[in-house]
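Down below is the structure, laid out as structure tokens.
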Protein chains: 2
Amino acid sequence: MTRWLNDDELRAWLNLAGVMLKLSPTLDSQLQRDSDMTHFDYLCLAMLSESADRTLRMSELAVRTNASLSRLSHVVKKLEARGWVERFPCADSGRVTMVRLTAEGWRVLVAAAPGHVETVRSLVFDGLDAEDVAALERIAGHVVELIEQAGLRTVT
Amino acid sequence: MTRWLNDDELRAWLNLAGVMLKLSPTLDSQLQRDSDMTHFDYLCLAMLSESADRTLRMSELAVRTNASLSRLSHVVKKLEARGWVERFPCADSGRVTMVRLTAEGWRVLVAAAPGHVETVRSLVFDGLDAEDVAALERIAGHVVELIEQAGLRTVT
DNA sequence: GATTGAAGGTTGAAGCATCAAGTGTTTGCT
DNA sequence: AGCAAACACTTGATGCTTCAACCTTCAATC
């Protein structure tokens, strides 16, 4: 017996799907045009920039960017080729790879940030009041948790 | 002067980004595994199934699936090759292409629907009350509108 | 001290999405 | 009637994501 969605749920779902289908390409598009990077690239740089020593292990960066290790590995390889990050083996454990934001990567991130943040603000937060923001944080957080628990994505 | 995000907005944004980064691949993964299609394929079939004659013009289907015409064209070509939809020229206007869901496409959609809906329910709606659903509909709808207005994506 | 299994990453191939450029059609203007 | 511009797609190339397979390294067990 399938538990179908009722009308309210269906409308909510179609709107959420709309956000995923429209917002993500729009962000990529702005960052690609203005800063020659994808939104995911930006997230990687941003997460590194906030970490001690601007350094994280691959698996930790993967968690913080909500990505599979595989996806991250491909992207970090690209970012390293551009000189925006560098990889090096962890001193403590031979199977761990560390990633560090370079000085150049930091400059690129700082240059990209204003335009990106302005875009996010204008596409997401303009016209939302504090209550809406709180609701968004709560509901989106809830969805993320459900997905993590389902853990269908053991992910390679 | 960049208007940065405050702490609440930042947390809300990171959670929303998390939804986009995690939900979308998870849905694709379930549909790919169980029904050999992507989430976007499913949306196309679903939108056609609800239309008069199970038929729409390409540009209208693009609007309803929140996609660019280019993306849609590639995907419809694939779906047509599988025999799930068929294209034919519009009688009224020579530059319009119509897409129709075939009987086979309908069967495939009906077979995929229960698993997909169950996945959406379990990853999004489980644990949300009616107020949350209403808030989600409202906020996500708002974001979609902002993006459409910005219309940066004139899209090819 | 071997073996087994799991953890942490990397890689290559295949499928997708995007962008820019193209084709053919219709509209509007003169 | 003729021409330019806009519309409705389609196409090919490029880059990104996923999946499955692989390679090391570490941990636990015997």
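The structure displayed is predicted, hence computed values, not measured ones. All values below were derived from every heavy atom in this structure, side-chain atoms included, with hydrogens, water molecules and symmetry-related copies excluded. In what follows, chains carry the letters A, B, and so on, assigned in the order in which the sequence lines appear, proteins first and then strands, with residues in each chain numbered from 1.
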In whole angstroms, how far is the [atom2] atom of [N] from the [atom1] atom of [X]?
X	N	atom1	atom2	value
Asp34(B)	dC19(D)	CG	P	13 Å
His39(A)	dT17(D)	NE2	P	12 Å
Leu69(B)	dT23(C)	CG	P	18 Å
Arg87(B)	dC9(D)	CZ	C1'	9 Å
Leu31(A)	dC16(D)	CG	P	13 Å
Leu21(A)	dT18(C)	CG	C1'	14 Å
Leu27(A)	dT18(C)	CG	C1'	15 Å
Phe40(A)	dT17(D)	CZ	P	7 Å

5' priority, DNA chain C, between Gln32(A) and Met98(A) [closest heavy atom]: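 Mapping each residue to its closest nucleotide by heavy atoms, the 5'-most match is Met98(A).
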Going hydrophobic residue to hydrophobic residue with side-chain gaps under 4.5 angstrom, can you get from [X] over to [Y]?
X	Y	result
Leu45(A)	Met98(A)	no
Leu21(A)	Val63(B)	no
Leu146(A)	Leu14(B)	no
Val96(B)	Met58(B)	no

Presence of salt bridge, Glu80(A) and Lys77(A), under 4.0 angstrom: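 No.
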Looking only at side-chain N and O atoms, does [X] come under 4.0 Å of OP1 or OP2 in [N]?
X	N	result
Arg71(B)	dC16(C)	no
Ser68(B)	dC19(C)	no
Ser29(A)	dC19(C)	yes

Partner of Asp41(B) by side chain to side chain donor-acceptor pair (under 3.5 Å), out of Arg82(B), Lys78(B), Gln32(B):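 Single side chain to side chain donor-acceptor pair (under 3.5 Å) partner of Asp41(B) among Arg82(B), Lys78(B), Gln32(B): Lys78(B).
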base_contact_polar (dT11(D) base, Ser70(B) side chain, donor-acceptor, <3.5 Å):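 Present.
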Strand-adjacent residues in residues 72-80 of chain B, judged by heavy atoms under 4.0 Å from DNA chain C: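 His74(B), Val75(B), Lys78(B), in order of number.
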Donor-acceptor under 3.5 Å (Asp132(A) side chain, Asp129(A) main chain):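 Yes, Asp132(A) side chain to Asp129(A) backbone: donor-acceptor pair under 3.5 Å.
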Donor-acceptor pair, side chain of Glu9(B) and main chain of Asn6(B), under 3.5 angstrom: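 Checked: pair present.
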Leu109(B) to Tyr42(B) - nearest heavy-atom pair and separation: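 The answer is CD1-CE1, 3.6 Å.
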Option passing side-chain contact (heavy atoms from CB on, under 4.5 Å) with Leu5(B) (candidates Val124(A), Val133(A), Val117(A)):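 That would be Val117(A); it is the only one of Val124(A), Val133(A), Val117(A) passing the side-chain contact (heavy atoms from CB on, under 4.5 Å) with Leu5(B).
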Thr38(B) side chain, from C-beta outward: closest of dT10(C), dC9(D), dC16(C):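 Nucleotide nearest to Thr38(B)'s side chain: dC16(C).
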Residue mapping more 5' on DNA chain D - nearest nucleotide basis, Asp92(A) or Asp28(B):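 Per heavy-atom nearest nucleotide, the more 5' residue is Asp28(B).
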What pairs of nitrogen or oxygen atoms, one from the protein and one from nucleotides 3-6 of chain D, lie under 3.5 Å apart?
none

